[in-house]
Amino acid sequence: MTDHSKTNPGHGGETHQVADADHPVLTTNHGTPISDNQNQLKAGERGPVLLEDEVYREKINHFDHERIPERIVHARGSAAHGYFECTDSLADITRADLFQKKGQRTDVFVRFSTVAGGAGSSDTPRDVRGFAVKFYTREGNWDLVGNNIPIFFIQDAIKFPDLIHAAKMEADRGYPQAATAHDTFWDFISLMPESTHMAMWIMSDRTLPRTFANMEGFGIHTFRFVNREGKSTFVKFHWKPKAGLASTIWDETVKVAGADPDFQRRDLFERIGRGDYPEWELGVQLFDQAFADSQPYDVLDATKIIPEEILPVRIVGKMVLDRYPDNYFAETEQVAFVPSHVVPGIGFSNDPLLQGRLFSYTDTQLSRLGTVNFHQLPINQAKGRPDGCPFMNQQRDGHMQMQVPKGRANYEPNSLAKVGEPGGAREDPENGYRTFPSQEEGEKLRIRPESFADHYSQARLFWRSMDPAEQAHIASAFVFELSKVSIEHIRVAMMANLRNVDEALASRVAEGLAMDLPKASPTKVPVIDMAPSPALRIVRGPLEKHTLQGRTVGILFAEGTDAAELKAVKDAVKSAGGHPITIAPKVGAVPLSDGSRVKADAQLFGQPSATVDACAVVLSEAACAKLVKEAAAVQWVMDAFGHLKAIGHNKAAKPLLDKAGVEADEGVTTLDGFVEAAKKRYWDREAKVRTLA
């Protein structure tokens, strides 16, 4: 049936679909008609969200309790313990304890995750990655709950259930799992122009991180720092990986998922086990209201970034993950991250997406963990307090109460201490948490501010900031995803939106789909050209590192391999900080040229070249003659070349490279030059190995 329902743009350019003869009136579960399903109730256009919003609360309550006990989103997770060390005091900016003194350390627990897939899905789909950090500070726990992308799909939390319902498996057929390449997701995105910027990011290599250690992390929202004098400074949080940004490419990702669904979890476990601890620098963008007012976008809009070239990131600390959890369920599964858990000196802005999350996450944990006492689970307990006591209050009882409170003072105020009984804890007016006293005025209304209405300028900024190799990947990703959309008008609507981003991008996608370009979709406000931001690039960007530190090198060898050559390659990789993995047709004792026998770390059939960062082939002539007839060996080398990796080889291995179609270039070297070549990818090779949009 053709959808003829009336559609109106809202105050901020959002989509409002209005009831008509074919579409009944939207109501609450209690039958009350809903006037606006796009915006929470706020005090003024840019004011805080109001708790009395029953429409939002009912919708998010229902969503938060839809799944038990698995997380609704971010179900597939991996985690590690570690510490945060302050490297630059922010005592003048915030009273938060962990930022007061250079050198001060705070324990952390960090969970990485995918968003759309279930707990049993693979690590490596095209998806946003969660990046959640629990700081066990001396004044309580602070949960910085973010992603590896600095923006989000939506501007208002009332749309979160709709977004996830659209992205998840389609409701009638139960597939696809952990994938957005289907009708309902792109139908939603095409009707939500505010999602266009995020769509650019999710079609980029950012959603194909090589490992957790190669991801950036972001707090997404604008938060507040508050110092001891009560002065507020706006802040955005950035995690910068010391290992450098690195991604896979799509064909490589597909093969990694098939070879090892636990690839990133395994990498985290093995890195920590061998002492290659993942490490990030914590950076902040600090600004005041005058700076916010001077920008051509609204800092309360979670679909926008502040380019680093305009507001540099100040590095204030480092985080090191050095211990894997002792028990996956007790720690990684039961950890509860809640954005409203902050400490004195950290506060919130009126970002309507953040405001909605402050309610939703606690509600979700009550459903998942089944009790108001989830804070008593060891992984969730506050543990950094100098007095050793995790928490003190008069809250008692409840499902799964794990403490044995003494005395009868389960209320406050009380005077029982006067007769020698425990009187319980008391408030601390001087040092306790205080909400920043911002003055808010405005009518109670459901409205999107006009300052949120520009949905395409930053999407254009992102596209024009990319390296040509990344642009080709983005265009090709759109072609792939939209080719899986069976409803033609959804593809047409998406391409109409892309025309507002960049005509060349839209044309490349249309050509890849063999479709005509539609007219550009209408925009609420004019699209503006912003200066490109090279900081957004992975390829040839500031965080792309040419290094072997912490990275894996696959070394293919076989019976009769020259023992000295094999040892020399392994030693050179180790000297450069890399992790060599020896791979052979058989994993048992393999006889080498000098009569010695060595065990391989992995079997050829079980360790595809997609699972390593660079490849060396060290063979005897006899072994090479056999392997050129072995499809797995030919594919191993062919994939290494196709995935733009360095390939080092001895003279005897050359026939295998020839059989695999390897052409000479900068990344195909002798063993002598291999280690230096192995430190990077060879993007200029890609035009030789595949057709991209």
Side-chain angles (χ1 to χ4, degrees), residues 9 12-15 126 128 147-156 159 163 167 180 185-186 188-207 218 220 295-310 353 448 450-468 470-479 481-482 490-510 512 517-538 541 693:
E14 74 274 18
T15 300
R126 179 182 292 281
V128 183
N147 288 331
N148 74 324
I149 290 175
I151 57 168
F152 204 61
F153 293 93
I154 52 177
Q155 296 171 326
D156 193 293
K159 301 309 298 175
L163 166 67
T180 55
F185 176 76
W186 287 105
F188 179 81
I189 296 299
S190 71
L191 293 169
M192 297 287 290
E194 70 200 63
S195 298
T196 307
H197 188 195
M198 186 69 170
M200 300 298 298
W201 282 80
I202 64 171
M203 292 298 99
S204 78
D205 295 341
R206 293 283 185 153
T207 46
F218 303 91
I220 303 172
Q295 301 308 301
Y297 47 82
D298 197 318
V299 299
L300 301 186
D301 179 353
T303 69
K304 304 296 189 295
I305 63 167
I306 301 177
E308 294 182 31
E309 292 79 7
I310 294 174
L353 181 61
R448 195 81 54 94
E450 289 187 9
S451 55
F452 280 37
D454 183 356
H455 303 317
Y456 298 108
S457 295
Q458 289 212 351
R460 178 179 292 181
L461 160 69
F462 182 77
W463 168 257
R464 295 183 178 178
S465 299
M466 293 296 99
D467 183 88
E470 293 173 294
Q471 289 184 334
H473 295 168
I474 292 169
S476 297
F478 271 114
V479 170
E481 295 263 328
L482 295 177
I490 296 174
R491 298 197 301 270
V492 171
M494 198 62 227
M495 287 190 292
N497 288 350
L498 291 180
R499 290 197 72 174
N500 292 321
V501 177
D502 187 88
E503 285 290 345
L505 168 62
S507 296
R508 289 165 75 166
V509 174
L517 264 181
K519 291 182 179 179
S521 56
T523 61
K524 180 75 173 180
V525 297
V527 182
I528 62 175
D529 290 326
M530 302 177 67
S533 173
L536 301 179
R537 297 174 189 157
I538 297 177

Between [X] (side chain only) and [Y] (backbone N and O only), is there a donor and an acceptor less than 3.5 Å apart?
X	Y	value
Trp186	Thr180	yes
Arg448	Gly13	no
Glu470	Asp467	yes
Asn148	Arg206	yes
His473	Asp205	no
Gln155	Asp301	no
Thr207	Ser204	yes
Ser465	Ser533	yes
Arg508	Ala693	yes
Glu309	Ala535	yes

Got [X] and [Y] here, is their nearest side-chain heavy-atom distance under 4.5 Å?
X	Y	value
Arg499	Leu517	yes
Thr15	Pro9	no
Phe462	Val501	no
Met192	Glu14	no
Ile220	Pro150	no
Val299	Lys304	no

| Under 4.0 Å between a Lys/Arg side-chain N and an Asp/Glu carboxylate O for Asp156 and Lys159? |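 Salt bridge between Asp156 and Lys159, a charged N being under 4.0 Å from a carboxylate O: no.
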| field | Electrostatic pair Asp529-Arg464, nearest N-O below 4.0 angstrom | value |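 Looking at Asp529 and Arg464, the cut-off is met.
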Atom [atom1] in [X], atom [atom2] in [Y]: separation rounded to 0.5 Å?
X	Y	atom1	atom2	answer
Ile528	Tyr456	CD1	OH	15.0 Å
Phe153	Phe185	CZ	CZ	4.5 Å
Arg460	Asp502	CZ	CG	7.0 Å
Met495	Ser190	CE	OG	11.0 Å
Leu163	Phe188	CG	CZ	5.0 Å
Trp201	His197	CH2	NE2	6.0 Å

If you look at every heavy atom in [X] and [Y], which pair is closest and at what distance?
X	Y	result
Ile189	Asn497	O-ND2, 4.2 Å
Ser457	Pro526	OG-O, 4.4 Å
Ile154	Ala302	O-CB, 4.2 Å

| query | Are Thr303 and Phe152 close enough, and set up right, to give a side-chain contact (heavy atoms from CB on, under 4.5 Å), and what steps lead you there? | reply | CA-CA 5 Å; Thr303 69; Phe152 204 61; 5.8 Å; no
| field | Intermediate values then yes/no, side-chain contact (heavy atoms from CB on, under 4.5 Å), Arg126 and Met203 | value | CA-CA 8 Å; Arg126 179 182 292 281; Met203 292 298 99; 3.7 Å; yes
| query | Cut-off 3.5 Å, side chains only: do Thr196 and Asn500 have a donor facing an acceptor? | reply |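 Not at all, the side chains of Thr196 and Asn500 share no donor-acceptor pair under 3.5 Å.
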| task | Before giving the answer on side-chain contact (heavy atoms from CB on, under 4.5 Å), spell out for Glu194 and Phe452 the whole-Å C-alpha distance, their side-chain angles and the decisive distance to 0.1 Å. | result | CA-CA 9 Å; Glu194 70 200 63; Phe452 280 37; over 6 Å; no
| task | Apply side-chain contact (heavy atoms from CB on, under 4.5 Å) to the pair Ile305 and Leu536, showing each step before the final yes or no. | result | CA-CA 10 Å; Ile305 63 167; Leu536 301 179; 3.9 Å; yes
